[in-house]
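Working notes, beginning with the structure itself.
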2 protein chains.
Amino acid sequence: MITQKDIAREAGVSVMTVSRVVNGQYKKVSRENIEKIQSIISRYGYVPNLSARSLSSKSSGIVVLIIRGKGNRLMDPYNGAIVGYMSQFLQEAGYSTMVYTVLDYRDVTRRLRTWNAQGAIFFGMFDNEIEQIREENKIPLVFNDSYSTLRQVTNIGIDDFKGGQLAARYLIGMGHRLVGFCGTSLSDNGVDRQRFLGFSSVLKEAGCPLSEESVFDADLESLPPPDAYADGRQPTALFITSDLKAIEFSLRMRSQGLHVPQDCSLIGFDDLPIAGFTTPPLTTIRQDIRQKARYTVDTLLNHMADSSRPSERIVLDVSLVVRGSVADLRT
Amino acid sequence: MITQKDIAREAGVSVMTVSRVVNGQYKKVSRENIEKIQSIISRYGYVPNLSARSLSSKSSGIVVLIIRGKGNRLMDPYNGAIVGYMSQFLQEAGYSTMVYTVLDYRDVTRRLRTWNAQGAIFFGMFDNEIEQIREENKIPLVFNDSYSTLRQVTNIGIDDFKGGQLAARYLIGMGHRLVGFCGTSLSDNGVDRQRFLGFSSVLKEAGCPLSEESVFDADLESLPPPDAYADGRQPTALFITSDLKAIEFSLRMRSQGLHVPQDCSLIGFDDLPIAGFTTPPLTTIRQDIRQKARYTVDTLLNHMADSSRPSERIVLDVSLVVRGSVADLRT
DNA sequence: CCACTAAATGTTATCGTTAACATATTCAAA
DNA sequence: TTTGAATATGTTAACGATAACATTTAGTGG
């Protein structure tokens, strides 16, 4: 494995000259030496050792992606897609990406320090730990979907409130009056809480407020069994804040001989590619994952380039995608 | 950011003693010092700098995952799942994972060298470059789904041939006589070629060989338009070597007013979670992605622990999952 | 009490690269 | 010719950790 030292010997110069060429500081090296060194580099296939560079210059070129949770988070198509886009964009910008799933925020610092990470992106809820994380790691941090009330948090999110509103307005417009909501961790101020607030505000205005028993702050398992929905006193429609869960729910219904949207209408969230594949195709609130990844990476890179840059919060738009999972109840 | 030097000063010992404690060489340090040092470590939250360790010991703790292709490969649920599992397993074993997508094998060496990778896993076809890659990188390499004829290639794959057989036998058993095959890169000896060979061998034995015009070595776009299948001279069933493509195909059919399985039966491959969600649910050949990831990681770790270990080829089983996308044509 | 092993600890050099500073060299202006 | 800036190159030390070897200390049997 060839090093700068070897190249320097071969070219009859000092390692520092080689280092300058490797790092593109062409103004400081004579044209003659640049050419000589570059030709040796390509002849031997020299590759800089980033561990060494990282040690000596404190710039590792590593960005860490932190996902809260456990197990295989990349199986979830949303996570797979956003992680994939982010590492693609980071790779295009010359950075290497490490993905870690952590349970505890203490793991975060360990992960960031071990590799001298130059920046980090966080998914999932970290609101309560943000201050701590930031204090322990003086590098640019960018969050996704955080509703932390702290100032100075750089966050890229979507308009979850509007998403809820869109869902509610559409249901109302289709003649639904008794509807339900299903999300998780509503007591934390996360995405689902905002979706809930948007959703319920519209319903209230329309004169058909969400009753308490039709708000499910729960994983799918604890949802009331689908056959409850056959009886007319149950909601005619459900807003489930994730396509994946909505699809799973519709499967459970089907396994009991019930059908979407005849027995219960469904609106999902995310607009994953599979949402168009199901039967009926799922009506859902769309967020643009690629765009979110793009903005997140760009924001991080900006902050890495200029650490005095003020924090920023970006809210991306969402839209309603009408497919076939909501019944038209207007006579 | 605290280093071993700081700890050594605080404890009144040399850095070497600290290093020994950090690396768990407890037999070489007195109980007293072990405790003193460990308490300082946890008090200050010391984290070893792996760049430095990597430089000095040549052991970086990094495993690189190389995917051939471009763009966001993790969006594909198969890749997302297997990459997710592998990094999970590697993380559990104390290693860090870097995922790279490369177009050219030359990138491979660059990626492996920059981080002193200790091992690498390859997806996608690299058969012709394996020799070269191995020569340039003297670290354990494990491949997935390679049909390289080179000796000494450690590979974890599935029984693709059997997968093809299972599909064909099932179709025959259901009364299909005129069937088609759709895969990619059949001329390379990859997974799809094996699936094709298994598939066609069974059909031949059964007396209804695949005609040339019903073998599509093509991306979906270049498949004949679905409405061709309405006319009786076209295949009554298609074996499409990827669930994702099969689903996409069935959507294209539906958009033209045709239906699976009435107008054309379909068998997919992989048994992705979405295969059960579609209408009709997709009959497919199942491979166990988690198990594949498990074996691949374990094999790599074994080879990293003992570099003299002989190469091995592991072939995992596949099975037929009958759902609803194949019509029963028996009278 | 000495020699001798085993256990505990320390010293030095090194990994590959870069920052910071130092030294030549060149050329133009004074 | 001298001076000064600009350009090109080199030297040294440092980044944090570990390997390899060296030394000290403690404990053992003769």
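Worth knowing before you read on, the calculation uses all heavy atoms, side chains too, and leaves out hydrogens, waters and symmetry mates. This structure is a prediction, so every number in the text was calculated from the model and none was measured. Below, chain A is the first sequence line, B the second, and so on; all start at residue 1.
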* **From B:Met86 atom CE to A:Asn72 atom CG, the distance as rounded to the nearest 0.5 Å** => 11.0 Å

Could you pull out all residues at least two apart from [X] that satisfy side-chain contact (heavy atoms from CB on, under 4.5 Å)?
X        : result
B:Asp288 : B:Arg286, B:Arg290, B:Gln291
A:Asp192 : A:Thr184, A:Leu186, A:Arg195, A:Thr241
A:Ser185 : A:Asp188

* To do: Give a yes/no verdict on a cation-pi contact between A:Arg20 and A:Tyr26, requiring under 6.0 Å between NZ or CZ and the six-membered ring centre and an angle within 45° of the axis.
  => no

* Asked: Can B:Arg68 be said to sit on top of B:Phe126's aromatic six-ring, NZ or CZ under 6.0 Å from centre and within 45° of the ring axis?
  -> yes

* Under 3.5 Å side-chain donor-acceptor pair for A:Thr296 and A:Asn144 -> yes

* Donor-acceptor pair between A:Ser148 and A:Asn155 side chains, under 3.5 angstrom -> no

* Name the first nucleotide and the last nucleotide along DNA chain D (5' to 3') that come under 4.0 Å of a heavy atom in chain A. => D:dA8 to D:dG16

* Asked: Using a heavy-atom distance cut-off of less than 4.0 Å, which residues of residues 19-30 of chain B contact DNA chain D?
  -> B:Ser19, B:Asn23

* Structure fact -> The correct set of residues in residues 39-53 of chain A placing a heavy atom under 4.0 Å from DNA chain D is none

Could you tabulate the donor-acceptor pairs under 3.5 Å formed by side-chain atoms of residues 40-47 of chain B, not counting sequence neighbours?
residue : atom : partner : partner atom : Å
B:Ser42 : OG   : B:Gln38 : O            : 3.4
B:Ser42 : OG   : B:Ser39 : O            : 3.3
B:Arg43 : NH2  : B:Glu10 : OE2          : 3.4
B:Tyr44 : OH   : B:Glu10 : OE1          : 3.3
B:Tyr44 : OH   : B:Glu10 : OE2          : 3.4
B:Tyr46 : OH   : B:Gln4  : NE2          : 3.3

* Asked: So which pairs with a foot in residues 81-99 of chain A pass side-chain hydrogen bond (donor to acceptor under 3.5 Å, both in side chains), sequence neighbours left out?
  -> A:Gln88-A:Glu92, A:Ser96-B:Tyr100, A:Ser96-B:Trp115

Look at the side chain of [X] and the backbone N and O of [Y], then say whether any donor-acceptor pair between them is shorter than 3.5 Å.
X        : Y        : answer
A:Asp104 : A:Asp107 : no
B:Ser60  : B:Asn116 : yes
B:Thr114 : B:Arg111 : yes
B:Asn23  : B:Ser19  : yes

* Name all pairs fulfilling the salt bridge (Lys or Arg N to Asp or Glu O under 4.0 Å) condition that reach into residues 135-155 of chain B, sequence neighbours left out, sorted by first residue then second. => B:Asp145-B:Lys292

Calculate the interatomic distance between [X] atom [atom1] and [N] atom [atom2]; express it in whole Å.
X       : N      : atom1 : atom2 : result
B:Leu55 : C:dT17 : CG    : P     : 8 Å
A:Lys58 : C:dG16 : NZ    : P     : 19 Å
B:Met16 : C:dT14 : CE    : C1'   : 13 Å

* What is the nucleic acid contact for A:Ser14, judged by heavy atoms within less than 4.0 Å: base, sugar-phosphate only, or nothing? -> base

* Net bend of the helix from C:dC1-D:dG30 to C:dA30-D:dT1, end axes of five pairs each, nearest 10 degrees -> 60°

* Nearest-nucleotide comparison on DNA chain C, the residue closer to the 5′ end among B:Gly12 and B:Ser57 -> B:Gly12

* Name the residue closer to the 5' end of DNA chain C, choosing between A:Lys5 and A:Val18 according to the nucleotide with the nearest heavy atom. => A:Lys5

* Taking salt bridge (Lys or Arg N to Asp or Glu O under 4.0 Å) as the test, write out the residues that go with A:Asp6, two or more places apart. => A:Arg9

For nucleotides 24-26 of chain C, tabulate all protein N/O to nucleotide N/O atom pairs closer than 3.5 Å, reporting atom names and distance.
none

